[in-house]
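Structure first, then comments.
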Amino acid sequence: MLTQTTDQLVILERIEQRLDRIENNLGNPSVDRLQMLSFALNLRQVKNSSFPSQLFSTNAWDILLELYAAHLASKKLSMSAIGQATNISETTMLRYFDILMKHGFIYREDDAASAEKSHVQLTKSAISKLNHVLDTAVYETPVRPAVDLNKAE
């Protein structure tokens with residue numbers, strides 16, 4: 001557990017360093033945008049190499065991120081809470097829950113206090129993949145866009 005906490009602190013420090021670099025360049029919006037674009041491209045590249053193509057949709061990714069945030073906060077989310085947080089309709093959400101369960105990324109757990117309620121949680125495999133995606137996006141050399149944004153045409 002100490003290692004996980006230490007790892008999380010290291011990640012937070014790296015994010016703070018990136019935010020500091022961005023804040024230092026606030027007067028130059030193209031630099032801010034280029035840094036954010038590089039981060040977004042790197043995140044997408046790592047995500048695409050870590051998860052099946054069926055999960056590239058915004059809905060599946062939003063569900064995974066909500067569950068990951070809950071995991072990091074040591075909280076459990078009900079299906080309705082995930083639906084409210086992601087603004088995904090119930091039928092769409094159920095379809096994606098089914099896909100995510102078939103891929104082994106989430107599971108349902110009955111609530112001990114209420115027989116009618118259940119929680120959805122990430123599997124260890126999903127947590128590992130999400131850790132990898134975010135760690136790589138933070139620590140790896142950013143991907144540059146194919147277009148040189150500094151050149152005028």
Side-chain angles (χ1 to χ4, degrees), residues 1-23 31-147:
M1 186 65 160
L2 182 60
T3 303
Q4 183 181 9
T5 304
T6 303
D7 291 345
Q8 289 171 344
L9 290 173
V10 169
I11 290 170
L12 287 174
E13 287 175 21
R14 292 290 303 239
I15 291 170
E16 284 180 24
Q17 289 170 357
R18 282 190 173 208
L19 289 174
D20 285 344
R21 285 196 307 257
I22 291 169
E23 285 176 6
V31 173
D32 295 350
R33 289 186 184 113
L34 183 59
Q35 287 176 341
M36 293 305 292
L37 177 62
S38 294
F39 181 78
L41 289 171
N42 198 41
L43 181 62
R44 182 178 65 188
Q45 183 179 46
V46 177
K47 177 186 78 159
N48 292 348
S49 67
S50 299
F51 289 94
S53 61
Q54 275 184 302
L55 305 182
F56 292 161
S57 80
T58 303
N59 291 333
W61 187 241
D62 286 351
I63 291 168
L64 288 171
L65 292 180
E66 285 297 331
L67 288 169
Y68 188 62
H71 165 75
L72 292 177
S74 299
K75 295 186 178 186
K76 294 181 179 181
L77 294 178
S78 67
M79 291 185 356
S80 61
I82 296 167
Q84 289 173 347
T86 58
N87 201 25
I88 300 171
S89 72
E90 186 176 348
T91 55
T92 301
M93 190 175 60
L94 290 172
R95 186 172 67 246
Y96 280 100
F97 281 170
D98 189 46
I99 291 169
L100 291 166
M101 279 191 248
K102 284 180 182 173
H103 281 283
F105 293 126
I106 66 171
Y107 65 95
R108 273 190 186 163
E109 180 179 78
D110 291 332
D111 188 336
S114 170
E116 297 145 9
K117 212 175 187 187
S118 65
H119 296 103
V120 180
Q121 292 188 264
L122 293 171
T123 62
K124 288 181 181 179
S125 172
I127 292 166
S128 175
K129 286 181 181 289
L130 287 161
N131 284 340
H132 169 73
V133 167
L134 294 175
D135 290 349
T136 303
V138 170
Y139 295 120
E140 296 291 318
T141 304
V143 173
R144 293 287 177 197
V147 175

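No hydrogens, no waters, no symmetry mates; every other heavy atom, side chains included, goes into these values.
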Quick check for you: to the nearest 0.5 Å, what is the distance between Ile106 atom CD1 and Gln121 atom CD? 10.5 Å
Atom pair CG/NE2 of Leu67 and His71 - distance to nearest 0.5 Å: 11.0 Å
When rounded to the nearest 0.5 angstrom, what distance separates OG1 in Thr92 from CZ in Phe97? 11.5 Å
CH2 (Trp61) and OH (Tyr96) are apart, to the nearest 0.5 Å, by 14.5 Å
Going from CD1 on Ile82 to NE2 on His119, what distance comes out if it is rounded to the nearest 0.5 angstrom? 9.5 Å
Flag the pair Leu64 / Leu122 as yes when at least one side-chain heavy-atom distance between them is below 4.5 Å, and no otherwise. yes
Nearest atoms (heavy-atom pairs only) where Ile88 meets Ile63: CD1-CG1, 3.9 Å
Hey, could you give me the CG/CG distance between Leu130 and Leu65, rounded to the nearest 0.5 Å? 6.5 Å
Heavy-atom closest contact (Met93 atom, Met79 atom, distance): CE-O, 3.2 Å
If every non-hydrogen atom of Ala60 is compared with every non-hydrogen atom of Leu100, which pair is closest and at what distance? O-CD1, 4.4 Å
Set of side-chain contact (heavy atoms from CB on, under 4.5 Å) partners for Ser125, sequence neighbours left out: Phe105, Thr123, Lys129
For Ser78 and Lys117, work out which heavy atoms get closest and say how close. CB-CE, 4.4 Å
Pairs where residues 73-83 contributes a residue and the test salt bridge (Lys or Arg N to Asp or Glu O under 4.0 Å) is met, not counting sequence neighbours: Lys76-Glu109
Is the shortest side-chain heavy-atom distance between Val120 and Met101 below 4.5 Å? no
